[in-house]
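Everything below concerns the one structure shown next.
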Amino acid sequence: MASRTVSWLLARSISSSGPRSALLPRGKKLGLVSRGGIHRYNSTAAAAEEPITPPVTVPHTQLLINGKFVDAASGRTFQTLDPRTGELIANVAEGDAEDVNRAVAAARKAFDEGPWPRLPAFERQKILLKCADLVDKHNDEIAALETWDNGKPYEQAAKVEVPMFARLFRYYAGWADKIHGLTVPADGPYHVQTLHEPIGVAGQIIPWNFPLLMFAWKVGPALATGNTIVLKTAEQTPLSALYVARLFHEAGLPEGVLNIISGFGPTAGAALASHMDVDKLAFTGSTETGKIVLELGAKSNLKPVTLELGGKSPFIVCEDADVDQAVELAHFALFFNQACACFCRTLASAAALDLVHSCTKKYTTNLLRKPRRVLQDAQSAIHSRPALNKALRYTSNKSFLTLTNSGSANFLKAGRVDSEQFEKILKYIRSGVECGATLETGGERHGSKGYYVQPTVFSNVKDDMLIAKDEIFGPVQSILKFKDLNEVIKRSNATRYGLAAGVFTQNIDTANTLIRALRVGTVWVNTFDIFDAAIPFGGYKMSGHGREKGIYSLSNYLQVKAVVTPLKNPAWL
Ligand code: NAI
Ligand code: MG
């Protein structure tokens, strides 16, 4: 999987393998029942034609502090909802400042006195590998939980994201015993070395769009380098982190090393960001919140903060590009999942513009037309119909809908996590229309339930329109025309963001010019969304500070200590 894109994996998994019927014996039936306020998928409540989702319970709804599941100190809980229906999945303990204090104290003790930083790196490596093995073993339950809580299509969670999660931990397990400093030549008779030390207690705050992967990007390097962690999940998606963290303890992670706090941003999140005993903070989310946590970090103990924030990534289609392929990828990149790096600005060379329009129309029309039956099935299935399984596999209100048709994958992204974001997306769409952009497809709510938004494409978009400037975080694509390379470079860079860019051209010189001129953390050339564990990811400008994944992420969790000792009668210097 290492060298493949998310899209490739997803397209392949959906088109080639059919339903995950292997997960349950044929004929076994799934449904939703309620037990003590907590729903679980059970194997008898509804008749299922094609069982594809394993039974999954919600085993953990408490906070995980010092290796134990505990209630919030306040006793409060909040609801996590099924995004397709708005129905309750579970009441989850609502962590607050006091719980963050408890978790940080546990992490502090585990760092200062516990075995984790003192284990030989090889032993840490073995535990991380075991974590990955256990995640593999429970792939289907984890994927089902993620699907339920986040609204991802089951296929995507089961065949792409959970395997990527395990891959990431194996990658960082590989680094655990390869972290070392340097021997440095000095001008005088000194032995000088650098020690790469764990930084201490890491605070981590993650968003809802890829709950498991964001966990992996942060927890993987922090554990490999011997740190301890307090991680706050997104309030929309608290469940999968609790599940995998429990598995990590089964794998041998000592108590207090990984603490999980569910709760809200301004309370639990802010308490973590401003905690005096947190040595480092890593955050992914909106630019707006990124500024807040950076300030909280500075005003408390000046902890170093890495930020992975918003984007408004340009996708540049040059006149010599394979336009059909470029458009298909741009289309997928935007509509497969709500992602910070999605290509919402398609900048098409004047010479390629007509073809870009017609290809875009082809893909979006396909998307809207072909899967309609499946969509309706999925929507009406949500409550009790046997097609619940199909719904699980095919629908997602929180971020998108994924549908498959006649062997080739078609994707339809819908709104997202909650009514607030849903309204925000529709408002942007209205502003596009009001400003005179041409609405090519979509533009409306899909269905009457949940928060679906049709995949929406605007042409004749101008740089100063809000839809071209702001991060919408919804399925809205803008097509803009450019004349020449200099112009497209300037316009691509004329944004406060700098997360990623796509470049489509057959000309190596054009590609090289763009690669170096674009002020972004990632350039994908004639491809997109390659998110291997080893490839660093992060932003320029207001898209963030620092890099996650790859070797670069290790330095987020390490201090460099210079050690100088005098040399007596050295044989050489
Ligand atoms: P957000 O930035 O508000 O939330 C992300 C995380 O930060 C969550 O865990 C949240 O609880 C926490 N948080 C919120 N306020 C906080 C505070 N004052 N102190 C500490 N932690 C805090 O993002 P949200 O509300 O989920 O989405 C809002 C917008 O953010 C989206 O519309 C999108 O534009 C952007 N976004 C970007 C993401 C990315 O991958 N770059 C991911 C999620 C959202
Ligand atoms: Mg928010």
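Remember, it's 1-based here, ligands and their atoms both numbered in the order they're listed. From a predicted model like this one, the values you see are computed outputs, not experimental measurements. What's counted below: heavy atoms across the whole structure, side chains too, no hydrogens, waters or symmetry copies.
Within ligand 1, counting atoms from 1 as listed, the ones closer than 4.0 Å to a heavy atom of Ile292 are 18 (N). Residue Thr289 has at least one heavy-atom neighbour below 4.0 Å for each of these atoms of ligand 1: 1 (P), 2 (O), 3 (O), 13 (N), 14 (C), 15 (N), 16 (C), 17 (C), 22 (C). The atoms of ligand 1 that sit less than 4.0 Å from any heavy atom of Ile206 are 6 (C), 8 (C), 9 (O). Those atoms of ligand 1 that come under 4.0 Å of a heavy atom in Gly269, given as number and element, are 19 (N), 20 (C), 21 (N). Listed by number with element, the atoms of ligand 1 under 4.0 Å from a non-hydrogen atom of Thr233 are 9 (O). Atoms of ligand 1 found under 4.0 Å from any heavy atom of Ala270, numbered from 1 in the order shown, are 19 (N), 20 (C). Within ligand 1, the atoms closer than 4.0 Å to a non-hydrogen atom of Leu309 are 41 (N), numbered from 1 in the order shown. Short contacts between ligand 1 and Lys232, defined as distances under 4.0 Å to a heavy atom of the residue, involve ligand atoms 9 (O), 10 (C), 11 (O).
Counting only distance, with no hydrogens or angles, the side chain of Ser313 and the backbone of Ala501 share no donor-acceptor pair below 3.5 Å. When atom types are taken as modelled, the side chain of Arg345 and the backbone of Lys312 share a donor-acceptor pair closer than 3.5 angstrom.
Residue contacts with ligand 1 for Glu288 are absent, since no atom lies close enough (heavy atoms, distance under 4.0 Å). Counting heavy atoms under 4.0 Å from ligand 1, residue Ser286 touches it through both backbone and side chain.
Some N or O of Gly265 is nearer than 3.5 Å to an N or O of ligand 1, by distance alone. Between Phe283 and ligand 1, no pair of N/O atoms sits closer than 3.5 Å. The shortest N or O to N or O distance between Thr284 and ligand 1 is not under 3.5 Å. At under 3.5 Å, not a single nitrogen or oxygen of Leu296, backbone or side chain, sits near a nitrogen or oxygen of ligand 1.
Taking the salt bridge (Lys or Arg N to Asp or Glu O under 4.0 Å) definition, one finds that Arg430 meets it with nothing, sequence neighbours left out. Not counting sequence neighbours, the partners of Phe78 by the ring pair (Phe, Tyr, Trp, His ring centres under 6.0 Å) test are Phe264.
In this structure, Trp217 has its ring center at least 6.0 angstrom away from the ring center of Tyr552.
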Evaluate Phe504 against Phe315 for ring pair (Phe, Tyr, Trp, His ring centres under 6.0 Å), listing each step before the verdict. CA-CA 8 Å; Phe504 267 78; Phe315 190 84; 5.1 Å; yes
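Relative orientation of the Trp524 and Phe531 rings is perpendicular, given thresholds of 30° and 60° on the angle between their planes. Below 30°, between 30° and 60°, or above 60°: for Phe165 and Phe169 the angle between ring planes is between 30° and 60°, a tilted geometry.
If you run side-chain contact (heavy atoms from CB on, under 4.5 Å) between Asn259 and each of Val230, Thr228, Leu231, only Val230 comes through.
Relative to atom 32 (O) of ligand 1, the option among Lys424, Glu308, Glu471 with the closest non-hydrogen atom is Lys424. Proximity annotation for atom 33 (C) of ligand 1: of Phe473, Trp208, Tyr497, Phe473 comes nearest, heavy atoms only.
Contact annotation: Ala234 has at least one heavy atom less than 4.0 Å from an atom of ligand 1.
Two residues are said to be in side-chain contact when any heavy atoms from C-beta on lie closer than 4.5 Å; Asp463 and Leu480 meet this criterion.
No salt bridge links Lys303 with Asp279; every basic N to acidic carboxylate O contact stays at or beyond 4.0 Å.
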